[in-house]
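Structure first, then comments.
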Amino acid sequence: MRAMIMDALAEPLEVREVDAPTAPVGGVVVEVHATGLCKSDWHAWVGHDDVALPHVPGHELAGVIVEVGEGVRRWSVGDRVTVPFVMGCGACEWCLGGNAQVCPRQQQPGFTQWGSFAERVVLTAADTNAVRIPDGVSFEAAAALGCRFATAYRALTGRARVQAGEWVTVVGAGGVGLSAVMIAAALGARVIAVDRTPAALDAARRLGAEHTFVADGADVPAAVHELTGGSHVSVDAVGSPQTARDAVLSLRRRGRHVQIGLLPTADGMTSMPMARVIAWELDLLGSHGMAAVDYPEMLSLIESGALRPQELIERIVGLDEAATLLPGMDSASPAGMTMIDPRRA
(Lines give C-alpha, C1' and ligand atoms only; values in the text may rest on other atoms or scores of the structure.)
Protein backbone atom coordinates (compact mmCIF):
# COMPACT_ATOMS: atom_id res chain seq x y z
CA MET A 1 0.00 0.00 0.00
CA ARG A 2 1.00 3.67 -0.32
CA ALA A 3 1.67 5.44 2.97
CA MET A 4 3.20 8.65 4.27
CA ILE A 5 6.35 7.60 6.12
CA MET A 6 8.12 9.52 8.86
CA ASP A 7 11.70 8.19 8.91
CA ALA A 8 13.08 10.83 11.31
CA LEU A 9 11.68 13.47 13.63
CA ALA A 10 11.10 16.90 12.08
CA GLU A 11 12.46 15.80 8.71
CA PRO A 12 10.69 15.69 5.33
CA LEU A 13 8.07 12.94 4.97
CA GLU A 14 8.04 10.48 2.07
CA VAL A 15 5.09 8.78 0.41
CA ARG A 16 6.09 5.28 -0.67
CA GLU A 17 5.00 1.66 -0.98
CA VAL A 18 5.05 -0.44 2.21
CA ASP A 19 3.58 -3.79 3.25
CA ALA A 20 -0.17 -3.67 3.87
CA PRO A 21 -1.28 -4.64 7.40
CA THR A 22 -3.19 -7.77 8.36
CA ALA A 23 -6.00 -7.95 10.88
CA PRO A 24 -4.93 -8.87 14.43
CA VAL A 25 -7.03 -10.99 16.77
CA GLY A 26 -10.01 -8.83 17.75
CA GLY A 27 -9.17 -6.21 15.15
CA VAL A 28 -9.99 -5.19 11.59
CA VAL A 29 -8.23 -3.61 8.63
CA VAL A 30 -9.92 -0.53 7.14
CA GLU A 31 -9.40 0.88 3.66
CA VAL A 32 -9.08 4.60 4.35
CA HIS A 33 -11.38 6.84 2.32
CA ALA A 34 -10.85 10.03 4.31
CA THR A 35 -8.44 11.12 7.06
CA GLY A 36 -7.94 14.52 8.62
CA LEU A 37 -4.70 16.49 8.80
CA CYS A 38 -4.50 17.77 12.38
CA LYS A 39 -2.03 19.76 14.46
CA SER A 40 -1.72 16.70 16.70
CA ASP A 41 -0.03 14.99 13.76
CA TRP A 42 2.49 17.83 13.73
CA HIS A 43 3.18 17.27 17.44
CA ALA A 44 4.08 13.64 16.67
CA TRP A 45 6.22 14.64 13.67
CA VAL A 46 8.23 17.20 15.65
CA GLY A 47 8.82 14.81 18.57
CA HIS A 48 6.38 15.92 21.25
CA ASP A 49 4.99 12.38 21.29
CA ASP A 50 7.03 9.22 21.69
CA VAL A 51 6.63 7.38 18.38
CA ALA A 52 8.67 4.47 17.04
CA LEU A 53 10.36 5.16 13.70
CA PRO A 54 9.67 4.61 10.88
CA HIS A 55 6.15 5.80 11.51
CA VAL A 56 2.89 6.58 9.68
CA PRO A 57 0.93 9.52 11.17
CA GLY A 58 -2.83 10.06 11.00
CA HIS A 59 -5.56 9.53 13.57
CA GLU A 60 -8.85 10.94 12.20
CA LEU A 61 -10.24 8.42 9.74
CA ALA A 62 -13.19 6.83 8.04
CA GLY A 63 -13.37 4.00 5.54
CA VAL A 64 -14.52 0.48 4.71
CA ILE A 65 -13.57 -2.75 6.49
CA VAL A 66 -11.61 -5.02 4.14
CA GLU A 67 -10.41 -7.69 6.59
CA VAL A 68 -11.79 -9.02 9.89
CA GLY A 69 -9.63 -10.67 12.52
CA GLU A 70 -10.38 -13.72 14.64
CA GLY A 71 -12.83 -13.08 17.47
CA VAL A 72 -14.54 -9.99 15.99
CA ARG A 73 -18.31 -10.36 16.42
CA ARG A 74 -19.91 -7.05 15.39
CA TRP A 75 -18.22 -6.28 12.07
CA SER A 76 -18.03 -7.65 8.54
CA VAL A 77 -16.12 -6.86 5.36
CA GLY A 78 -17.81 -3.93 3.60
CA ASP A 79 -18.99 -2.12 6.75
CA ARG A 80 -18.48 1.66 6.73
CA VAL A 81 -16.75 2.70 9.96
CA THR A 82 -14.93 5.43 11.80
CA VAL A 83 -13.12 5.28 15.14
CA PRO A 84 -12.22 7.55 18.08
CA PHE A 85 -8.57 8.57 18.08
CA VAL A 86 -8.23 6.75 21.42
CA MET A 87 -8.94 3.03 21.06
CA GLY A 88 -9.53 1.31 24.38
CA CYS A 89 -8.49 -2.25 25.21
CA GLY A 90 -12.13 -3.23 25.74
CA ALA A 91 -11.48 -5.13 28.97
CA CYS A 92 -10.37 -2.71 31.72
CA GLU A 93 -12.61 -0.97 34.24
CA TRP A 94 -12.56 2.29 32.29
CA CYS A 95 -13.56 0.63 29.00
CA LEU A 96 -16.25 -1.44 30.69
CA GLY A 97 -17.53 1.74 32.36
CA GLY A 98 -17.87 3.55 29.03
CA ASN A 99 -14.71 5.65 29.33
CA ALA A 100 -12.40 4.06 26.80
CA GLN A 101 -10.93 7.51 26.07
CA VAL A 102 -8.87 7.21 29.27
CA CYS A 103 -8.02 3.50 28.96
CA PRO A 104 -4.52 2.92 30.44
CA ARG A 105 -3.82 0.32 27.70
CA GLN A 106 -5.16 2.49 24.91
CA GLN A 107 -3.89 2.43 21.35
CA GLN A 108 -3.85 5.54 19.17
CA PRO A 109 -3.57 5.36 15.37
CA GLY A 110 -0.78 7.68 14.29
CA PHE A 111 0.88 7.65 17.71
CA THR A 112 1.21 4.25 19.41
CA GLN A 113 0.73 2.42 16.10
CA TRP A 114 0.86 3.21 12.39
CA GLY A 115 -1.91 5.58 11.46
CA SER A 116 -4.29 6.51 8.69
CA PHE A 117 -2.06 8.51 6.30
CA ALA A 118 -2.05 5.33 4.27
CA GLU A 119 -4.36 3.31 2.07
CA ARG A 120 -5.09 0.91 4.95
CA VAL A 121 -5.01 1.04 8.75
CA VAL A 122 -5.57 -1.42 11.62
CA LEU A 123 -8.24 -0.87 14.28
CA THR A 124 -7.65 -2.87 17.46
CA ALA A 125 -10.42 -4.17 19.77
CA ALA A 126 -12.86 -3.43 16.96
CA ASP A 127 -15.96 -4.52 18.85
CA THR A 128 -15.22 -1.82 21.43
CA ASN A 129 -13.82 0.92 19.21
CA ALA A 130 -15.28 0.89 15.70
CA VAL A 131 -18.30 3.12 15.03
CA ARG A 132 -20.75 2.43 12.21
CA ILE A 133 -21.17 5.37 9.81
CA PRO A 134 -24.85 5.98 9.00
CA ASP A 135 -25.78 5.96 5.32
CA GLY A 136 -26.55 9.68 5.41
CA VAL A 137 -23.08 10.66 6.70
CA SER A 138 -20.15 11.00 4.25
CA PHE A 139 -16.70 9.53 4.83
CA GLU A 140 -15.30 13.07 5.05
CA ALA A 141 -17.84 14.12 7.70
CA ALA A 142 -17.18 10.92 9.67
CA ALA A 143 -13.40 11.41 9.54
CA ALA A 144 -13.87 14.95 10.83
CA LEU A 145 -15.37 13.46 14.00
CA GLY A 146 -12.39 11.34 14.97
CA CYS A 147 -10.40 13.92 16.90
CA ARG A 148 -11.52 17.51 16.62
CA PHE A 149 -15.31 17.39 16.34
CA ALA A 150 -15.84 14.54 18.82
CA THR A 151 -13.40 16.12 21.26
CA ALA A 152 -15.22 19.45 21.05
CA TYR A 153 -18.60 17.74 21.37
CA ARG A 154 -17.71 15.87 24.54
CA ALA A 155 -15.82 18.86 25.95
CA LEU A 156 -18.93 21.02 25.73
CA THR A 157 -21.63 18.46 26.49
CA GLY A 158 -19.99 15.86 28.73
CA ARG A 159 -17.41 18.00 30.52
CA ALA A 160 -18.50 21.66 30.65
CA ARG A 161 -22.21 20.78 30.31
CA VAL A 162 -22.98 23.96 28.39
CA GLN A 163 -26.52 25.29 28.78
CA ALA A 164 -28.60 27.37 26.39
CA GLY A 165 -28.06 31.08 26.93
CA GLU A 166 -24.59 30.74 28.48
CA TRP A 167 -21.62 32.65 27.12
CA VAL A 168 -18.91 30.42 25.66
CA THR A 169 -15.52 31.85 24.65
CA VAL A 170 -13.55 29.70 22.19
CA VAL A 171 -9.88 30.68 21.82
CA GLY A 172 -8.60 29.43 18.47
CA ALA A 173 -10.69 28.96 15.34
CA GLY A 174 -8.94 26.09 13.59
CA GLY A 175 -10.58 22.71 13.13
CA VAL A 176 -11.33 21.94 16.79
CA GLY A 177 -12.16 25.57 17.61
CA LEU A 178 -14.63 25.88 14.74
CA SER A 179 -16.13 22.55 15.82
CA ALA A 180 -16.61 24.00 19.31
CA VAL A 181 -18.19 27.14 17.86
CA MET A 182 -20.67 25.13 15.80
CA ILE A 183 -21.57 22.78 18.65
CA ALA A 184 -21.93 25.53 21.27
CA ALA A 185 -24.18 27.52 18.95
CA ALA A 186 -26.29 24.42 18.26
CA LEU A 187 -26.68 23.98 22.03
CA GLY A 188 -28.14 27.50 22.23
CA ALA A 189 -25.07 29.14 23.79
CA ARG A 190 -23.86 32.64 22.90
CA VAL A 191 -20.43 32.17 21.37
CA ILE A 192 -17.36 34.41 21.25
CA ALA A 193 -14.55 33.25 18.93
CA VAL A 194 -10.95 34.45 19.26
CA ASP A 195 -8.24 33.95 16.65
CA ARG A 196 -5.27 35.67 15.01
CA THR A 197 -6.63 35.56 11.48
CA PRO A 198 -9.66 37.31 9.96
CA ALA A 199 -10.45 34.35 7.66
CA ALA A 200 -10.81 32.02 10.65
CA LEU A 201 -13.07 34.53 12.40
CA ASP A 202 -15.18 34.89 9.25
CA ALA A 203 -15.67 31.11 9.33
CA ALA A 204 -16.55 31.26 13.03
CA ARG A 205 -19.25 33.84 12.34
CA ARG A 206 -20.72 31.66 9.59
CA LEU A 207 -20.85 28.75 12.03
CA GLY A 208 -22.66 30.63 14.77
CA ALA A 209 -20.25 32.91 16.69
CA GLU A 210 -22.12 35.98 17.92
CA HIS A 211 -18.94 38.01 18.49
CA THR A 212 -15.34 37.64 17.32
CA PHE A 213 -12.07 39.15 18.54
CA VAL A 214 -8.71 39.32 16.78
CA ALA A 215 -6.18 38.00 19.28
CA ASP A 216 -2.93 39.62 18.11
CA GLY A 217 -1.90 42.18 20.71
CA ALA A 218 -5.37 42.32 22.24
CA ASP A 219 -6.32 41.95 25.89
CA VAL A 220 -8.73 39.10 25.26
CA PRO A 221 -9.96 38.62 28.86
CA ALA A 222 -10.69 42.35 29.22
CA ALA A 223 -12.65 42.38 25.97
CA VAL A 224 -14.70 39.35 27.01
CA HIS A 225 -15.44 40.77 30.45
CA GLU A 226 -16.47 44.12 28.99
CA LEU A 227 -18.89 42.41 26.63
CA THR A 228 -20.31 39.68 28.87
CA GLY A 229 -19.21 40.18 32.46
CA GLY A 230 -17.13 37.05 31.91
CA SER A 231 -17.93 33.82 30.11
CA HIS A 232 -19.64 30.90 31.77
CA VAL A 233 -17.45 28.53 29.78
CA SER A 234 -14.09 28.94 28.05
CA VAL A 235 -12.26 26.62 25.65
CA ASP A 236 -8.58 26.75 24.69
CA ALA A 237 -8.56 25.14 21.26
CA VAL A 238 -4.95 26.13 20.48
CA GLY A 239 -2.76 24.81 23.26
CA SER A 240 -0.25 27.44 24.34
CA PRO A 241 0.41 29.02 27.75
CA GLN A 242 -0.91 32.35 26.45
CA THR A 243 -4.13 30.99 24.96
CA ALA A 244 -4.80 28.87 28.04
CA ARG A 245 -4.36 31.87 30.34
CA ASP A 246 -6.52 34.08 28.12
CA ALA A 247 -9.28 31.49 28.14
CA VAL A 248 -9.21 31.00 31.93
CA LEU A 249 -9.05 34.72 32.68
CA SER A 250 -12.03 35.30 30.38
CA LEU A 251 -14.28 33.41 32.81
CA ARG A 252 -16.73 34.91 35.27
CA ARG A 253 -16.80 33.71 38.87
CA ARG A 254 -17.65 29.98 39.12
CA GLY A 255 -16.93 29.55 35.40
CA ARG A 256 -15.74 26.35 33.70
CA HIS A 257 -12.67 26.08 31.50
CA VAL A 258 -12.08 23.12 29.15
CA GLN A 259 -8.56 22.50 27.86
CA ILE A 260 -8.63 20.87 24.43
CA GLY A 261 -5.42 22.15 22.80
CA LEU A 262 -2.30 20.20 23.74
CA LEU A 263 0.19 22.04 25.95
CA PRO A 264 3.61 20.51 25.30
CA THR A 265 6.44 21.83 27.48
CA ALA A 266 9.94 20.58 28.27
CA ASP A 267 8.96 19.36 31.75
CA GLY A 268 5.34 18.48 30.98
CA MET A 269 4.03 21.26 33.23
CA THR A 270 2.13 24.40 32.20
CA SER A 271 1.54 27.49 34.32
CA MET A 272 -2.06 28.47 35.01
CA PRO A 273 -3.49 31.52 36.84
CA MET A 274 -4.28 29.45 39.92
CA ALA A 275 -4.83 32.45 42.19
CA ARG A 276 -7.85 33.36 40.02
CA VAL A 277 -8.96 29.73 39.91
CA ILE A 278 -9.00 29.57 43.70
CA ALA A 279 -10.49 33.00 44.42
CA TRP A 280 -13.27 32.69 41.83
CA GLU A 281 -13.85 28.94 42.28
CA LEU A 282 -13.22 28.16 38.63
CA ASP A 283 -13.36 24.63 37.27
CA LEU A 284 -10.45 23.46 35.07
CA LEU A 285 -11.46 20.48 32.97
CA GLY A 286 -9.51 18.27 30.61
CA SER A 287 -11.10 16.59 27.62
CA HIS A 288 -9.43 13.73 25.75
CA GLY A 289 -11.68 12.70 22.91
CA MET A 290 -14.85 10.64 23.18
CA ALA A 291 -15.48 6.92 23.54
CA ALA A 292 -17.23 4.99 20.77
CA VAL A 293 -20.24 4.28 23.01
CA ASP A 294 -20.99 8.02 23.09
CA TYR A 295 -21.02 8.51 19.30
CA PRO A 296 -24.69 7.61 18.52
CA GLU A 297 -26.16 10.80 20.01
CA MET A 298 -23.70 12.97 18.07
CA LEU A 299 -24.25 11.00 14.84
CA SER A 300 -28.03 11.39 15.16
CA LEU A 301 -27.59 15.17 15.33
CA ILE A 302 -25.43 15.03 12.20
CA GLU A 303 -27.97 12.89 10.36
CA SER A 304 -30.71 15.37 11.28
CA GLY A 305 -28.66 18.32 10.04
CA ALA A 306 -28.44 19.96 13.47
CA LEU A 307 -24.65 19.55 13.33
CA ARG A 308 -22.75 19.83 10.06
CA PRO A 309 -19.08 18.81 10.43
CA GLN A 310 -18.71 18.64 6.65
CA GLU A 311 -18.94 22.44 6.59
CA LEU A 312 -15.64 22.58 8.50
CA ILE A 313 -13.72 20.92 5.64
CA GLU A 314 -11.68 23.50 3.75
CA ARG A 315 -10.02 21.23 1.19
CA ILE A 316 -9.33 17.61 0.22
CA VAL A 317 -5.82 16.58 -0.86
CA GLY A 318 -3.84 13.43 -1.64
CA LEU A 319 -1.00 11.92 0.38
CA ASP A 320 1.75 13.66 -1.60
CA GLU A 321 0.38 17.14 -0.99
CA ALA A 322 -0.39 16.30 2.64
CA ALA A 323 3.27 15.32 3.17
CA THR A 324 4.29 18.87 2.25
CA LEU A 325 1.56 20.45 4.39
CA LEU A 326 2.12 18.58 7.66
CA PRO A 327 5.46 20.23 8.63
CA GLY A 328 3.85 23.66 8.47
CA MET A 329 0.88 22.88 10.71
CA ASP A 330 2.35 24.85 13.62
CA SER A 331 2.32 28.13 11.68
CA ALA A 332 -0.54 27.57 9.22
CA SER A 333 -3.90 29.18 9.99
CA PRO A 334 -6.42 27.28 7.86
CA ALA A 335 -10.03 28.36 8.33
CA GLY A 336 -11.18 24.78 8.82
CA MET A 337 -9.99 21.23 8.24
CA THR A 338 -7.79 19.71 5.57
CA MET A 339 -8.98 16.23 4.62
CA ILE A 340 -6.80 13.60 2.91
CA ASP A 341 -8.04 10.93 0.51
CA PRO A 342 -5.18 8.36 0.38
CA ARG A 343 -6.67 6.83 -2.78
CA ARG A 344 -5.86 9.98 -4.77
CA ALA A 345 -2.83 9.74 -7.02
Side-chain angles (χ1 to χ4, degrees), residues 21 23-30 32 35-36 38 40-41 43-44 49-51 57-63 65 68-76 79-116 121-134 137 141-161 176 179-180 183 258-262 285-302 307 309:
V25 173
V28 297
V29 174
V30 172
V32 180
T35 179
C38 176
S40 297
D41 302 310
H43 282 294
D49 295 278
D50 186 16
V51 297
H59 60 287
E60 299 177 314
L61 67 110
I65 293 176
V68 177
E70 180 184 346
V72 174
R73 300 182 306 277
R74 295 180 53 215
W75 303 104
S76 301
D79 287 341
R80 302 169 75 243
V81 295
T82 185
V83 68
F85 75 92
V86 173
M87 300 189 300
C89 69
C92 70
E93 63 179 283
W94 290 275
C95 287
L96 296 176
N99 289 297
Q101 77 280 355
V102 293
C103 172
R105 296 195 296 273
Q106 65 187 246
Q107 295 294 314
Q108 296 184 23
F111 299 96
T112 66
Q113 66 173 64
W114 277 22
S116 54
V121 66
V122 168
L123 306 186
T124 58
D127 286 334
T128 294
N129 297 308
V131 177
R132 192 176 305 278
I133 303 173
V137 177
L145 307 179
C147 171
R148 286 165 282 191
F149 201 87
T151 296
Y153 184 84
R154 185 169 178 276
L156 293 172
T157 61
R159 301 294 282 148
R161 302 191 181 279
V176 69
S179 300
I183 294 162
V258 190
Q259 187 64 39
I260 294 177
L262 301 176
L285 303 167
S287 190
H288 191 233
M290 187 166 78
V293 294
D294 294 328
Y295 269 63
E297 178 183 283
M298 179 177 63
L299 285 168
S300 69
L301 292 173
I302 294 168
L307 293 175

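Any value given below was found using the heavy atoms of this structure, including those in side chains, with hydrogens, waters and symmetry copies removed. Nothing here was measured: the structure is a model prediction, and the numbers come from that model.
To the nearest 0.5 Å, the span separating OG1 on T157 from CE on M298 amounts to 9.0 Å. Between I183 atom CD1 and L301 atom CG the span is 9.5 Å, to the nearest 0.5 Å. Put simply, OG1 on T35 and CG on D41 are 7.0 Å apart, with the number rounded to the nearest 0.5 Å. Here the straight-line distance linking atom SG of C38 with atom NE2 of H43 works out to 8.0 Å at 0.5 Å rounding. The SG atom of C92 lies 5.5 Å from the CZ atom of R105; values are rounded to the nearest 0.5 Å. From C147, atom SG reaches atom CE of M290 across 12.0 Å, with rounding to the nearest 0.5 Å.
Considering every non-hydrogen atom in both W75 and V81, the closest pair reads CZ3-CG1, 3.5 Å. In terms of heavy-atom proximity, A125 sits nearest to C89 at CB-O, 3.8 Å. Nearest heavy-atom pair across V137 and R80 is O-NH2, 2.9 Å. Nearest heavy-atom pair across V131 and P84 is CG2-CD, 4.2 Å. Scanning all heavy atoms of the two residues, the minimum distance from G88 to C95 falls at CA-SG, 3.6 Å. Minimum interatomic distance between I133 and A142 (heavy atoms only, all atoms of both residues): CD1-CB, 3.6 Å.
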Checklist entry - For L61 and V83, what are the C-alpha separation, side-chain angles and deciding distance, and is it a side-chain contact (heavy atoms from CB on, under 4.5 Å)? => result CA-CA 7 Å; L61 67 110; V83 68; 3.8 Å; yes

Next on the checklist: As a quick check of understanding, evaluate side-chain contact (heavy atoms from CB on, under 4.5 Å) for T124 and Q113, giving each step before the final call.
Outcome noted: CA-CA 10 Å; T124 58; Q113 66 173 64; 3.8 Å; yes

Item to check | Pair R159-R154, side-chain contact (heavy atoms from CB on, under 4.5 Å): steps then yes or no | outcome: CA-CA 6 Å; R159 301 294 282 148; R154 185 169 178 276; 3.7 Å; yes

Item to check | Steps toward side-chain contact (heavy atoms from CB on, under 4.5 Å) verdict (N129, L123) | outcome: CA-CA 8 Å; N129 297 308; L123 306 186; 5.9 Å; no

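The shortest distance between side-chain heavy atoms of F149 and E60 does not fall below 4.5 Å. Within the 4.5 Å cutoff, no side-chain heavy atoms of W114 are placed close to those of V121. For the pair Y295/R132, no side-chain contact is recorded, criterion being any heavy-atom separation below 4.5 Å from C-beta on. The shortest distance between side-chain heavy atoms of P109 and M87 falls below 4.5 Å. Looking only at side-chain heavy atoms (C-beta outward), P296 and L299 stay at 4.5 Å or farther from each other. The side-chain heavy atoms of V258 and L156, taken from C-beta on, include no pair separated by under 4.5 Å. Residues I302 and L145 have side chains in contact (heavy-atom distance under 4.5 Å, counting atoms from C-beta outward).
At distances below 3.5 Å, at least one donor-acceptor pair connects side-chain atoms of Q259 with backbone N or O atoms of G261. No donor-acceptor pair closer than 3.5 Å links the side chain of N99 to the backbone N or O of W94. In this structure, T151 contributes its side chain and R148 its backbone to no donor-acceptor pair below 3.5 Å. Not one N or O on the side chain of T112 forms a donor-acceptor pair closer than 3.5 Å with the backbone of Q107.
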